[in-house]
Amino acid sequence: MRSALLAALLLSPLVAQSPRPADLLLTGGKVWTADPQKPLAEAVAVRDGHVVFVGSDAAAARWKGKKTKVIALGGRLVTPGFEDAHMHLMSGARNLERVDLSEETTLAALQEKIRRFAEANPKSPWVVGRGWVYGSFPGGLPTREQLDAVVPDRPAYMDCYDGHTGWANSRALALAGITRETKDPVNGAIVRDPKTGEPTGALKEAAGSLVEDLIPEPTPERHYALLLQALAQLNRLGITAVQDAGWTKEEVARFLPLLERARKEGKLTVRARLTVDVAPNDPAPGIAEAVRLRKLYPSGAIVFGGVKGYVDGVIEAHTAAMLAPWSDDPSLGQGTPRWEKAALDHAVAAADGEGLQVWLHSIGDRGIRMALDAYASAAKQNGPRDRRHRVEHVEAIDAADAPRFGALGVVASMQPLHANPDQNNEEVWVRNVGPERASRGFAWRLIEKGGGRLAFGSDWPVVTPDVFRGLYCAVARRTREGKPEGGWQPQLAVSVESALRHYTVDAAWAGFAEKERGSIAVGKRADLVVLSRDVLSGPPEEILGTKVLLTLFGGTTAWQDPELR
């Protein structure tokens with residue numbers, strides 16, 4: 001009788017069978033899943049590039065086999081791989097061989113770094129860099145004489161940190177044929193001396209292209225090497241997915257083969273969602289190119305699915321579109337949008353009608369409102385669907401527009417480090433918009449409270465892709481040095497857990513990828529990171545000292561620090 005009962009039990013489908021062993025077990029940790037229903041666990045099991053178990057250490061033991069690799073976490077924090085929801089991957093890669101000015105805050109420091117770079121690269125026909133901030137210069141803009149002083153012998157060009165203003169020396173201006181007679185290009189301005197009319201060396205918006213187009217591009221082989229270097233850097237920061245903010249048709253032809261090569265060689269260690277630029281004067285070719293590429297790359301490690309347009313410029317250069325005149329100098333007006341409202345509405349409706357996601361760079365309150373109005377118009381014209389259109393940057397929002405993100409289902413794609421309250425923020429950004437508009441500067445919490453979904457990124461190479469720098473600024477709204485005390489507009493800060501969500505599951509949602517990544521759940525890709533400390537507890541300052549110990553990309557180690565064995 002007992003033997004018959006035992007046999008029946010052994011044959012019963014209700015008896016739990018041991019699962020096929022995992023390839024990798026992470027145990028003894030604090031696993032933040034990004035799932036609000038089950039936010040914490042102790043262990044994760046990975047097999048065939050996917051998560052197969054999330055739960056307790058005791059239950060995880062069932063997944064251990066003879067060949068299973070086990071990593072004892074010692075209480076360390078595991079999170080989903082970070083996703084940078086707005087960056088320029090190939091531009092960031094290219095800038096790895098240029099002079100980096102992003103950490104310098106005075107003219108003297110900028111000049112010294114450029115001088116040293118020029119001396120170290122005597123055979124380079126150009127001296128090129130980026131990263132300067134407006135607050136480093138008296139009056140907020142650089143001059144050619146300041147660059148001539150350190151690079152007198154060859155053309156030199158330094159892009160601003162935001163990419164919207166260039167700094168050229170006299171040789172670069174001469175090569176480009178820029179003189180007092182040169183007319184401003186469409187959507188650009190050659191800054192001129194008010195007394196002589198001569199170009200000062202500062203080139204706003206599209207005027208920068210007059211020089212930039214002359215700078216030699218790296219060879220494809222060199223750019224590929226820089227791409228691999230960039231991927232390694234992103235993996236060290238725990239980044240396993242990126243969303244790229246706009247390629248021209250020419251860039252598609254130049255860059256896509258490099259990404260394809262990396263994928264085929266097994267070296268593409270981030271998942272990339274890419275967009276195509278659309279021009280205000282003729283958006284149709286960009287829309288057509290995006291539709292073509294979406295058919296070729298609908299899923300996988302390389303995905304095309306949207307278009308990007310620029311509604312306005314930036315606040316520091318007075319090129320953002322505002323609802324009221326600039327506070328520092330009302331005579332400068334309110335900025336000028338790059339699109340007429342009717343043309344923008346038409347272009348967005350056309351892209352939306354093709355089922356494309358639309359990204360609109362909109363920084364000023366008028367530009368943000370124009371973008372939201374265009375999305376509302378497209379939804380009314382084309383009917384309901386899962387759109388997830390986006391407004392990029394959202395720096396100075398009118399209070400009435402904050403709840404519209406939630407109401408329209410529009411993503412607020414924002415970059416926390418753009419709000420770094422350094423001297424550029426205080427002496428230029430805040431000065432230009434004035435205290436009333438500054439009280440809503442980078443209004444993360446205001447948009448959250450209105451039901452909007454945020455996706456965080458870096459805009460690299462505009463600022464560093466270091467997620468911990470971004471997390472700290474999102475939570476503390478202070479510089480790394482702790483200034484200002486109490487934070488700049490602290491009422492707009494978000495919690496650590498919210499900020500983590502915006503770098504993981506919310507960023508994945510913004511890229512239509514939440515079913516495959518962004519949280520730690522059975523069946524999702526094993527894109528995971530192990531951190532050196534628990535950023536969910538302790539003071540915000542500890543976030544800055546955190547580092548990534550392990551980055552898993554599809555269950556495979558893309559980066560491992562020697563500290564984790």
Side-chain angles (χ1 to χ4, degrees), residues 46 49 79-98 100 102 130-131 217-247 251-275 297 299-304 415 417 455-470 503-504 507-508 511 513 516-518 525-531 547-562 564:
V46 174
T79 74
F82 301 132
E83 182 152 354
D84 192 308
H86 182 118
M87 71 153 47
H88 304 271
L89 176 59
M90 301 307 297
S91 178
R94 182 182 61 209
N95 277 277
L96 291 175
E97 66 175 3
R98 296 179 172 183
D100 180 8
S102 60
R130 74 169 295 145
E217 284 288 334
T219 65
E221 199 63 32
R222 176 58 181 157
H223 214 147
Y224 183 65
L226 291 169
L227 170 61
L228 297 185
Q229 186 179 336
L231 296 175
Q233 176 175 320
L234 296 176
N235 292 154
R236 286 195 297 272
L237 295 171
I239 295 171
T240 55
V242 301
Q243 298 175 37
D244 199 285
W247 286 3
E251 287 172 332
V252 169
R254 192 162 75 247
F255 296 155
L256 187 53
L258 302 181
L259 284 184
E260 276 284 17
R261 177 181 171 185
R263 183 185 63 80
K264 291 175 181 176
E265 293 179 358
K267 298 176 180 178
L268 183 59
T269 51
V270 301
R271 308 186 196 283
R273 181 176 176 86
L274 309 167
T275 56
Y297 297 91
S299 61
I302 303 171
V303 173
F304 278 90
Q415 301 74 45
L417 266 183
F456 278 170
S458 64
D459 207 7
W460 188 55
V462 170
V463 298
T464 172
D466 187 335
V467 173
F468 302 112
R469 293 274 305 276
Y503 274 115
T504 55
E516 72 165 31
R517 63 177 185 261
R525 296 189 184 277
D527 297 348
L528 310 171
V529 293
V530 177
L531 308 185
K547 62 180 180 178
V548 172
L549 300 181
L550 177 69
T551 301
L552 294 178
F553 179 74
T556 300
T557 299
W559 158 253
Q560 183 165 347
D561 190 281
L564 188 69

Within a strict 4.5 Å, meaning less than it, do heavy atoms of the V463 and S102 side chains meet?
no
I'd like to know if the side chain of D459 and the backbone of M87 have a donor-acceptor N/O pair within less than 3.5 Å.
no
Is any side-chain heavy atom of L549 less than 4.5 Å from a side-chain heavy atom of L531?
no
Out of curiosity, W559 CH2 to L237 CG, how far, rounded to the nearest 0.5 Å?
10.0 Å
Backbone of F82 reached by a side-chain donor or acceptor of T504 within 3.5 Å:
no
Taking all heavy atoms of P465 and all of Q233, pick out the closest pair and write down the distance.
CG-NE2, 4.0 Å
Working to the nearest 0.5 angstrom, can you tell me the gap between L227 CG and R222 CZ?
12.0 Å
Hey, what do you get for OG (S91) to CD (E251), rounding to the nearest 0.5 Å?
8.5 Å
Quick one: does T275's side chain have a donor or acceptor within less than 3.5 Å of a partner on D244's backbone?
yes
For P461 and G92 the tightest heavy-atom approach is CD-N, 3.8 Å
Could you walk me through whether V462 and R130 satisfy the side chain to side chain contact (heavy atoms under 4.5 Å, CB included) test, starting with their C-alpha distance in whole Å, then the side-chain angles of each, then the deciding distance to 0.1 Å, before giving a yes or no?
CA-CA 8 Å; V462 170; R130 74 169 295 145; 3.7 Å; yes
Quick one: are L256 and W247 in side-chain contact, heavy atoms under 4.5 Å?
yes
Proximity of H223 and F255 rings by center, below 6.0 Å
yes
Output for pair (E221 CD, L258 CG), nearest 0.5 Å, gives 9.0 Å
Closest non-hydrogen atom pair between D84 and G457, with its separation
OD1-CA, 3.3 Å
With rounding to the nearest 0.5 Å, note down the distance linking CD in E83 to CD1 in I239.
10.0 Å
Taking every heavy atom of A230 against every heavy atom of A93, the minimum-distance pair comes out as CB-CB, 3.8 Å
The reported gap from CG in L417 to CZ in F456 (rounded to nearest 0.5 angstrom) is 10.5 Å
Hey, mind stepping through I302 and R263 against side chain to side chain contact (heavy atoms under 4.5 Å, CB included) and telling me if it holds?
CA-CA 8 Å; I302 303 171; R263 183 185 63 80; 4.1 Å; yes
Take L231 and L268 through the test side chain to side chain contact (heavy atoms under 4.5 Å, CB included) and record every step on the way to the result.
CA-CA 7 Å; L231 296 175; L268 183 59; 4.1 Å; yes
May I ask you to say whether D561 pairs ionically with R236, meaning some side-chain N is under 4.0 Å from a carboxylate O?
no
Quick one: is the NZ or CZ of R273 closer than 6.0 Å to the six-membered ring centre of F304, and within 45° of its axis?
no
Side chain of D527, backbone of G81: donor and acceptor closer than 3.5 Å?
no
Relative to F553, does R271 satisfy both conditions: NZ or CZ under 6.0 angstrom from the six-membered ring centre, and within 45 degrees of the ring's axis?
yes
With a 4.5 Å heavy-atom cut-off, do F468 and V548 have their side chains touching?
yes
What verdict does the side chain to side chain donor-acceptor pair (under 3.5 Å) test give for N235 and T551, after you've listed the backbone C-alpha separation in whole Å, the side-chain angles of each residue and the deciding distance to 0.1 Å?
CA-CA 6 Å; N235 292 154; T551 301; 5.9 Å; no
Can you find a heavy atom in the side chain of L552 that is under 4.5 Å from one in the side chain of T557?
yes
Pairwise side-chain contact, R94 with E217, heavy-atom cut-off 4.5 Å (strictly under)
yes
For residues R517 and A508, report the shortest heavy-atom separation together with the two atoms involved.
O-CB, 3.7 Å
Pairwise side-chain contact, L550 with L564, heavy-atom cut-off 4.5 Å (strictly under):
yes
Kindly determine whether L259 and L89 satisfy side chain to side chain contact (heavy atoms under 4.5 Å, CB included), including the steps that lead there.
CA-CA 10 Å; L259 284 184; L89 176 59; 4.1 Å; yes
Hey, does Y224 have a side-chain heavy atom less than 4.5 Å from the side chain of R261?
yes
